[in-house]
Protein chains: 2
Amino acid sequence: MTAPTGRRERKKAATRQKIADAALRLFLERGYEAVGIRDVAAEADVAVTTLFAHFPSKEALVFGHDQDFERRLTEAVTDRAPGEPLIPALRREVQALVRHCTGDGSAPIWRLIDASQTLLDYEKSMRLRHAESLAAAIAADLGLPPATTACRTIARFVIDAYSLAREAADPEAALDEIFRMIEAAWAAARPSADPVGTTEP
Amino acid sequence: MTAPTGRRERKKAATRQKIADAALRLFLERGYEAVGIRDVAAEADVAVTTLFAHFPSKEALVFGHDQDFERRLTEAVTDRAPGEPLIPALRREVQALVRHCTGDGSAPIWRLIDASQTLLDYEKSMRLRHAESLAAAIAADLGLPPATTACRTIARFVIDAYSLAREAADPEAALDEIFRMIEAAWAAARPSADPVGTTEP
DNA sequence: TTTCAAAAGGCTAACCGTTAGTGCTACGGT
DNA sequence: ACCGTAGCACTAACGGTTAGCCTTTTGAAA
């Protein structure tokens with residue numbers, strides 16, 4: 001984590017942070033649509049082109065930590081205790097993620113997102129990309145060829161679980177319900193394992 | 001279907017068709033990104049504002065029949081034979097839809113879509129909207145309050161099935177595999193029914 | 001130390017999708 | 001026959017995004 005290289009990267013990170021902070025401040029003050037890229041650039045005291053050198057789009061200003069999400073999901077697969085079954089490990093991580101983004105700390109940002117169709121769309125697209133990474137991680141973990149249908153399917157279901165639970169009135173209960181379904185789906189996908197003893201002859 | 005009203009609507013429909021045709025022609029010729037809205041408008045011999053009066057966005061020019069997709073899915077639920085179980089009915093319809101869009105007739109359009117990230121993103125967003133409609137239809141059919149977690153979940157899974165099968169090397173096999181998982185998930189969601197006899201005490 | 005290539009940032013000007021604002025014309029119901 | 005309005009056109013602009021070109025900083029080679 002501690003960079004072996006020096007000053008340039010620190011300055012770059014600082015600029016990026018300055019832009020992200022300015023953007024979030026303005027968005028929370030006036031709302032996402034009411035703030036223009038040029039406003040953000042001015043507030044951060046950088047040129048518009050500099051802003052776009054750090055963030056690929058206006059929406060990305062809000063989702064600065066999307067890589068964390070992706071990393072945490074794949075690591076939940078790769079770094080889990082040896083012998084621990086796949087789905088419960090994913091369930092734990094998704095639960096943590098949902099708790100994090102329904103917690104008080106993240107509430108203003110999510111109010112911002114839920115108020116803008118543009119941001120909602122962007123988020124869903126992002127999640128689908130994450131599903132691909134997750135599918136690859138699952139396939140690798142199981143020693144399967146990448147992009148197996150079953151792996152991609154389960155990855156999508158897990159992302160769906162996150163998305164639906166986040167929107168549900170009672171996220172914890174929703175997560176319970178959905179992951180019960182995912183467990184069943186996963187068991188049906190691989191007639192080898194024995195989750196509760198439903199092995200077939 | 002045959003309009004009870006007269007000339008105005010016919011002219012309107014003709015204009016819309018003219019625009020859609022011109023757009024498709026240009027897109028297939030030069031590629032989606034290489035064609036501007038102004039090009040399409042000129043080719044269709046209408047004003048840009050007229051174009052946007054008929055289509056809400058550039059992407060919508062390509063997905064002119066998205067309402068068909070939504071309608072067919074919900075009708076697969078509401079119009080199925082009395083007593084027919086839900087999931088097989090959905091499976092049949094999804095299979096038909098996948099066959100349709102992997103058939104030779106639709107091949108060029110889908111090559112167009114798969115070549116543009118913008119269009120792919122738009123398509124996924126569309127499907128998520130369709131999932132909401134499907135969830136509502138399922139909930140209504142089962143006499144449940146709308147937007148139940150289980151219904152929304154199954155609806156998402158069905159949409160995932162379509163999306164994944166379309167991209168798979170062997171769509172039919174993928175559909176088999178995924179719907180086996182969906183059946184299991186559905187059975188797990190409602191401990192009342194008895195799909196294979198997995199009733200709990 | 002000097003030198004140099006690349007990175008980071010800036011400025012201008014434009015492109016492209018999209019949307020007012022305005023007005024004209026033809027159609028359809030009264 | 002009359003009038004409201006739907007369909008369409010035209011101009012201008014707005015806002016996100018990018019290309020072209022230039023300056024400064026910085027890391028490292030010479």
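In the text below, chain A, chain B and the rest are named by the order of the sequence lines, each starting its count at 1.
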- [ ] Just jot down the ring pair (Phe, Tyr, Trp, His ring centres under 6.0 Å) partners of A/Tyr32, sequence neighbours excluded, or say none.
- [x] A/Phe27
TODO: Check the side chains of B/Ser116 and B/Glu33 for a donor-acceptor pair under 3.5 angstrom, ignoring hydrogens and angles.
DONE: yes
TODO: Would you mind building the protein contact string for nucleotides 15-24 of chain D? One character per nucleotide, 5' to 3', B for base within reach (heavy atoms under 4.0 Å), S for sugar-phosphate only, - for untouched.
DONE: SBBBB-----
Task: For B/Arg38, all residues meeting salt bridge (charged side-chain N to carboxylate O under 4.0 Å, His left out), sequence neighbours excluded - done: none
Task: Test ring pair (Phe, Tyr, Trp, His ring centres under 6.0 Å) applied to A/Tyr122 - qualifying residues, sequence neighbours left out - done: A/Phe63
Open item on the list: Without decimals, in angstroms, what is the distance between B/Leu51 CG and C/dT18 P?
Closed with: 9 Å
TODO: Would you mind reading off the distance between A/Lys18 atom NZ and C/dA8 atom P, rounded to a whole angstrom?
DONE: 15 Å
- [ ] Measure from the side chain of A/Thr50, starting at C-beta and using heavy atoms only, and say which of C/dG9, C/dA8, D/dA9 lies closest.
- [x] C/dG9
- [ ] Apply side chain to side chain contact (heavy atoms under 4.5 Å, CB included) to B/Ala136 and list each qualifying residue two or more places apart in sequence or on a separate chain.
- [x] none
- [ ] Starting at atom CZ of B/Phe55, determine the distance to atom P of C/dG17, rounded to an integer number of angstrom.
- [x] 15 Å
- [ ] State, with a plain yes or no, whether a side-chain heavy atom of A/Leu73 is found less than 4.5 Å away from one of A/Leu97.
- [x] yes
TODO: Using a cut-off of strictly less than 4.0 Å between a heavy atom of the residue and any atom of DNA chain D, enumerate the qualifying residues of residues 114-130 of chain B by number.
DONE: none
Task: Gap between atoms NZ and C1', on A/Lys12 and D/dG27 respectively (whole Å) - done: 15 Å
TODO: Output yes when at least one side-chain N/O atom of B/His54 is less than 4.0 Å from OP1 or OP2 of D/dG7, else no.
DONE: no
- [ ] Please name all residues satisfying side-chain hydrogen bond (donor to acceptor under 3.5 Å, both in side chains) with B/Lys12, sequence neighbours left out, ordered by chain then number.
- [x] none
For residues 18-25 of chain A, tabulate all N or O donor-acceptor pairs below 3.5 Å that involve a side-chain atom, not counting sequence neighbours.
from    : atom 1 : to      : atom 2 : distance (Å)
A/Asp21 : OD1    : A/Gln17 : NE2    : 3.0
A/Arg25 : NH1    : A/Glu43 : OE2    : 2.4

Open item on the list: So B/Asp45, base contact, sugar-phosphate only, or nothing? Heavy-atom distance under 4.0 Å.
Closed with: sugar-phosphate
Task: Interatomic distance, B/Glu9 CD vs D/dC8 C1' [rounded to whole Å] - done: 16 Å
Task: side-chain hydrogen bond (donor to acceptor under 3.5 Å, both in side chains) involving A/Thr15 - partner list, sequence neighbours excluded - done: none
Task: Below 4.0 Å: OP1/OP2 of D/dT26 and any side-chain N or O of A/Lys11 - done: yes
Open item on the list: Tell me the interatomic distance from A/Arg10, atom CZ, to C/dA7, atom P, rounded to whole angstroms.
Closed with: 19 Å
